[in-house]
Undergrad: 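Below: one structure in structure tokens.
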Amino acid sequence: MALTLLKNLVRSLAVLLVVTFATFSLTFGNGPGIARAVLGMNARPEDVQREVIALGLDQPLLVQYGNWLKGALSGDLGASFYTGQTVTNALSSRVPVTLAIVVITLVLTAALSVLLGVTAAVKGGWVDRVLQFLSVLGTAVPAFIVAIVLVFAFAIAWRVLPATGYVSPEISLSGWLASVTLPVVALLIGSMASAAAQFRTAVLDTLSRDYVRTLRARGISERHVIFRHVLRNSAAPGLTVLSLTTFSLLGGAVFIEQVFALPGMGQLANQSAQINDVPMVMGTVLVTIVIVLVVNFLGDLATTVLNPKARTR
């Protein structure tokens, strides 16, 4: 078990390095363009060249990445090329907004997908067919389309929830709940549809195993079989799906935060990418990848604990 966790940790660190280097490489090579955007389009060529040197954009790719990585390891993610605000300060106010939406959506996805998946697998019939239809529909419709429909319905037509904006929970808990409800629902529909379908498949596969038929033949109650044995053995693929869902939720948050004008990390990443603000882009990518890797690591840990074979390694 310890060896498995160590391998997962090493793999996570490797992924972190590869993704950050790839992102840095994509933003590399436009030093004069960035410097001109910072100074203004009417800046003189000699001023642009001085700004390129001041920002360190004249150095080779590996040198720039090495400097960034060294700073990141010490907790210094640099500062915006345009505003001078440190990346850490910018993220400290935006990460909680994105995490609130993603975590609430993930918890609801886990609870509802297990409930719907198990119900569809056990009951079958029209319940199963309805779930499969809703899963296809929820997966096919993009989250930002769902968000626009929700805005028209609940914010414009019925006026029960705000269309845009974010209220901090420190200011008003009810206002915070109102401001995150529509974004969470917009993300929840797609993530729940996909996860519920995967849980259904995992439960059906477990129900077809010989040991389940043996338990039923011994007269053990169906409730005990489902909750004590089937759910436990179906948890591993379900946890894998939820880990992957985290990444899709973070990606969907970029569009959702634009629709609802939320001051989150996705909005910051989109704005920074448009103006090629390298430190901000790298900061948002780093935090996003760390969140995904932590969730995946915890998912692997839970899967290892639930798997008796893994515990003996």
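Along the sequence shown, residues carry numbers from 1.
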Undergrad: Do Leu293 and Phe247 have side-chain heavy atoms sitting under 4.5 Å apart?
TA: no
Undergrad: Taking only residues two or more places apart in sequence, or in another chain, which ones meet Phe154 in a ring-ring contact (aromatic ring centres under 6.0 Å, His included)?
TA: Trp158
Undergrad: Given side chain to side chain contact (heavy atoms under 4.5 Å, CB included), test Asn296 with Ser12 step by step and report yes or no.
TA: CA-CA 9 Å; Asn296 286 340; Ser12 298; 6.0 Å; no
Undergrad: With the side chain counted from C-beta on, respond yes when Leu57 and Gln64 share a heavy-atom pair under 4.5 Å apart, and no when they do not.
TA: yes
Undergrad: Side chains of Leu231 and Phe199: closer than 4.5 Å at any heavy-atom pair?
TA: no
Undergrad: Any link between Leu99 and Val292 through a network of hydrophobic side chains (Ile, Leu, Val, Met, Phe, Trp, Tyr) touching at under 4.5 Å?
TA: yes
Undergrad: If only atom types and distance count, is the side chain of Ser135 paired as donor or acceptor with the main-chain N or O of Ala193 below 3.5 Å?
TA: yes
Undergrad: For the backbone of Ala269 and the side chain of Ser272, can you confirm whether one donor and one acceptor N or O come within less than 3.5 Å of each other?
TA: no
Undergrad: For the pair Arg36 (side chain) and Ala43 (backbone), establish whether a donor and an acceptor sit closer than 3.5 Å, ignoring hydrogens and angles.
TA: yes
Undergrad: For the pair Ile34 and Thr27, evaluate side chain to side chain contact (heavy atoms under 4.5 Å, CB included) and give the outcome as yes or no after the intermediate values.
TA: CA-CA 10 Å; Ile34 296 174; Thr27 61; over 6 Å; no
Undergrad: Return yes if some donor-acceptor pair links the side-chain N/O of Arg216 with the main-chain N/O of Glu222 below 3.5 Å, else return no.
TA: no
Undergrad: Sub-3.5 Å donor-acceptor pair from the side chain of Thr98 to the main-chain atoms of Val95, do we have one?
TA: no
Undergrad: Tell me who clusters with Val241, hydrophobic residues only, linked when side chains sit under 4.5 Å apart either directly or through other members.
TA: none
Undergrad: Are the side chains of Ile256 and Leu182 in contact, using a 4.5 Å heavy-atom criterion?
TA: no
Undergrad: Side chain of Thr139, backbone of Val136: donor and acceptor closer than 3.5 Å?
TA: no
Undergrad: If we ignore angles and hydrogens, is there a donor and acceptor under 3.5 Å between the side chains of Asn67 and Gln59?
TA: yes
Undergrad: Heavy atoms, side chains only, cut-off 4.5 Å: are Thr20 and Ile289 in contact?
TA: no
Undergrad: Report the C-alpha separation of Leu268 and Met280 in whole Å, then their side-chain angles, then the decisive distance to 0.1 Å, and conclude whether the side chain to side chain contact (heavy atoms under 4.5 Å, CB included) test is met.
TA: CA-CA 8 Å; Leu268 177 64; Met280 285 295 181; 4.2 Å; yes
